[in-house]
Amino acid sequence: MTASLPNSTPKTASRTVLEARNMTRRFGGLVAVNDVSFDVREGEIFGLIGPNGAGKTTLFNLMTGLTPPSSGTLTYEGRPVLGLAPHRVAALGMSRTFQNIRLFRALSALENVKIAQHTRTHAGLWRGIFGANRAEEMQVERRAWELLDLVGLSDRAGEEAGNFSYGDQRRLEIARALATEPRVLLLDEPAAGMNTSEKGSLTTFIREVRDRFDLTVMVIEHHVPLVMNLCDRVAVLNFGQLIAMGDPASVQRDPKVIEAYLGGE
Amino acid sequence: MSDFLQSYGFLLVTLIQAGLLGLSLYFPLMAGQLSLASPGFYALGGYVAAIMLTNPAFAGLRDTLGNGIFPLTWLAAGLLCALAGVIVGVPALRLRGIYLALATIAFIEILRVVALNLSITGGAIGIFGIPQTFGFQDRWQYLLIFGPMLLLVLAFTYMLQKSRVGRAFRAIREDELAADAMGVPPTQYKVLAFVIGAVIAGIVGSMSAPFLNTWNAKQGTFDASIAILAFVLIGGSRSMWGPVVGGALLTAVPELLRFLQDWRLVINGLVLVVASLYLPQGIVGALGKLRRSPPPSRPPVAPTTDAKGGTP
Ligand SMILES: Nc1ncnc2c1ncn2[C@@H]1O[C@H](COP(=O)(O)OP(=O)(O)OP(=O)(O)O)[C@@H](O)[C@H]1O
Ligand SMILES: [Mg+2]
């Protein structure tokens with residue numbers, strides 16, 4: 001276990017992959033995300049924290065096309081993201097997990113991971129019907145097993161995803177997100193529902209995944225030790241607004257952040 | 001053998017027809033869409049065949065093609081229903097659950113009213129004297145077209161379920177939003193599933209018009225929607241065998257119980273109630289539970305794995 005390594009520095013320290021500008025989302029009178037701007041650099045692990053209801057999940061929903069924005073822009077590698085349908089965002093190379101796990105519960109773990117290779121494969125109706133998709137299917141199958149190996153679930157490949165423990169479901173969701181072959185991975189509270197030992201190995205796991213797949217990672221997390229260990233930079237949301245951003249240690253000392261957490265609960 | 005076919009040929013064809021219509025409803029259901037439109041496309045396909053086989057406008061074509069006109073009616077019905085499927089499906093599939101079901105019932109009703117009022121469909125009287133397919137002398141001979149059609153549709157369904165498209169359907173059925181987020185475009189695949197169902201129902205209609213000899217606005221009504229839905233629910237909506245078993249059973253049981261006279265309706269009703277209470281996953285679903293499917297097996301390791309996905 002290498003759980004307490006110092007924070008690794010991103011390989012390329014400067015290149016920006018995500019550029020959010022003035023992102024806003026209103027729900028009636030409530031401004032869930034309020035004029036939020038930030039840059040995410042290639043290869044970094046970017047934390048997003050904030051009290052309950054601060055707008056973190058809504059921000060992810062905006063970024064992945066699940067919720068249309070009220071205003072603002074987001075570019076990925078210079079290309080506009082907001083306004084695209086979720087499957088287009090996935091095709092661009094951004095994939096996510098869900099705070100309230102959304103696996104295909106009645107389907108097997110293996111099938112969950114196979115399904116998510118959709119955008120990277122091509123066999124249409126007729127190639128499937130006439131069995132002319134063999135090579136591609138083999139590739140899909142192999143890749144699915146490799147991803148299950150990665151999250152340690154290949155022994156249970158045939159089991160229904162809904163039967164797995166919380167921790168296993170979270171890991172399966174990560175495997176499924178990786179199956180879309182993303183360049184940016186967004187994790188919404190990956191440690192929620194995990195037991196202590198699972199939480200302990202999560203830091204190492206996320207770093208390994210980042211290195212192996214050359215990813216940029218954004219992670220929403222409440223568990224403070226995890227955030228401090230894992231993230232290169234952290235942004236803090238409060239009532240929809242970005243109130244602080246920087247390295248974990250300085251954010252933790254920021255009076256505005258302390259105030260938000262103490263005042264919030 | 002021929003005695004058996006003489007007595008039961010008509011019934012057997014009807015069973016297969018029921019199974020096929022069950023499968024046509026099963027397709028949208030595969031992608032999680034409860035559509036009751038099958039009887040509408042069945043009616044439409046039947047009218048296409050009936051018109052092509054009786055209308056004087058097609059007399060020249062019939063003379064030139066001879067028996068070739070029959071396969072052409074299947075093709076025409078399939079194509080027209082595909083087109084109608086897109087036209088109806090694209091707007092209707094924006095609706096969900098029971099609202100989609102209601103919209104598809106409205107579609108059936110509109111078709112019925114249109115058929116009642118057009119002269120090309122024979123108005124209220126309908127079209128009769130439809131010639132027998134390939135000059136068949138006996139009803140059982142229709143097994144020769146309905147049988148292969150069922151096998152073809154089953155093979156098609158089997159291959160589709162194993163493929164990328166089948167996975168996309170299942171993903172949408174399980175969780176449309178998650179499917180979308182994982183790169184599966186839901187609208188496109190919902191329309192595809194709907195259109196496949198429409199084409200199957202349409203071709204079955206075009207084969208049924210000569211079989212029944214006459215075609216009118218009583219074909220493919222709302223009652224039929226409910227009957228076909230029952231085929232799928234009783235048989236099982238999670239396996240392609242469900243609609244076939246359900247369709248055959250719910251068509252055969254009332255026939256075989258004819259000797260019970262009025263009691264058969266009671267028995268039939270009881271079967272429905274008992275099945276829906278005790279077999280919520282349908283007959284095939286319940287049988288499937290008994291048979292443990294083997295765990296999936298790993299494919300052999302590829303000689304070269306790419307750097308990104310390869311196990312280190
Ligand atoms: N679809 C919606 N309709 C109306 N209000 C919404 C909707 N989604 C989120 N909200 C509101 O927006 C605010 C931000 O919610 P969000 O889920 O983004 O918070 P969060 O930071 O992820 O909180 P948590 O830490 O509890 O997950 C909340 O007040 C929430 O009630
Ligand atoms: Mg949240």
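Labels below follow one simple rule: chain letters A, B, ... track the order of the sequence lines, proteins then strands, and each chain is numbered from 1.
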Is there any residue in residues 75-92 of chain A with a non-hydrogen atom under 4.5 Å from a non-hydrogen atom of chain B, and which ones are they? A:P86, A:H87, A:A90

Does any part of the side chain of B:V165, heavy atoms only, come nearer than 4.5 Å to the side chain of A:W126, both counted from C-beta? no

Counting heavy-atom pairs under 4.5 Å with chain B, the top scorer among A:S95, A:A106, A:A157 is A:A106

Contact summary for B:P296 and A:G158, nearest pair of heavy atoms: CD-CA, 3.4 Å

Qualifying salt bridge (charged side-chain N to carboxylate O under 4.0 Å, His left out) pairs, either residue in residues 182-192 of chain B, two or more places apart: B:E176-B:K190

Taking non-hydrogen atoms and a cut-off under 4.5 angstrom, which of residues 110-121 of chain A neighbour chain B? A:L110, A:E111, A:K114, A:I115, A:A116, A:H118, A:T119, A:T121

Tell me, side chain or backbone of A:S108 under 4.5 Å from chain B's heavy atoms, or both, or neither? neither

How close do B:M159 and A:G128 get, heavy atom to heavy atom, and via which atoms? CE-O, 3.7 Å

Using non-hydrogen atoms and a limit below 4.5 Å, what part of residues 179-188 of chain B faces chain A? B:A179, B:D180, B:A181, B:M182, B:G183, B:V184, B:P185, B:P186

To check you understand the geometry: which heavy-atom pair defines the closest contact between A:F104 and B:A171, and what is its length? CE2-O, 3.5 Å

Can you check whether A:N133 reaches B:R164 side chain to side chain, under 4.5 Å on heavy atoms? no

Indicate yes or no: at least one non-hydrogen side-chain atom of A:L103 is less than 4.5 angstrom from one of B:D175. no

The interface call for B:F169 against chain A, heavy-atom contacts under 4.5 Å, is neither

Check each atom of A:I129 against the heavy atoms of chain B and say whether the ones under 4.5 Å are side chain, backbone, both or neither. both

Scored by heavy-atom pairs under 4.5 Å with chain B, the best of A:L147, A:L125, A:L150 is A:L125

Looking at A:R127, A:E141, A:E136, A:H122, which makes the most heavy-atom pairs under 4.5 Å with chain B? A:H122

Between A:M94, A:R156, A:E137, which residue shows the highest count of heavy-atom pairs closer than 4.5 Å to chain B? A:E137

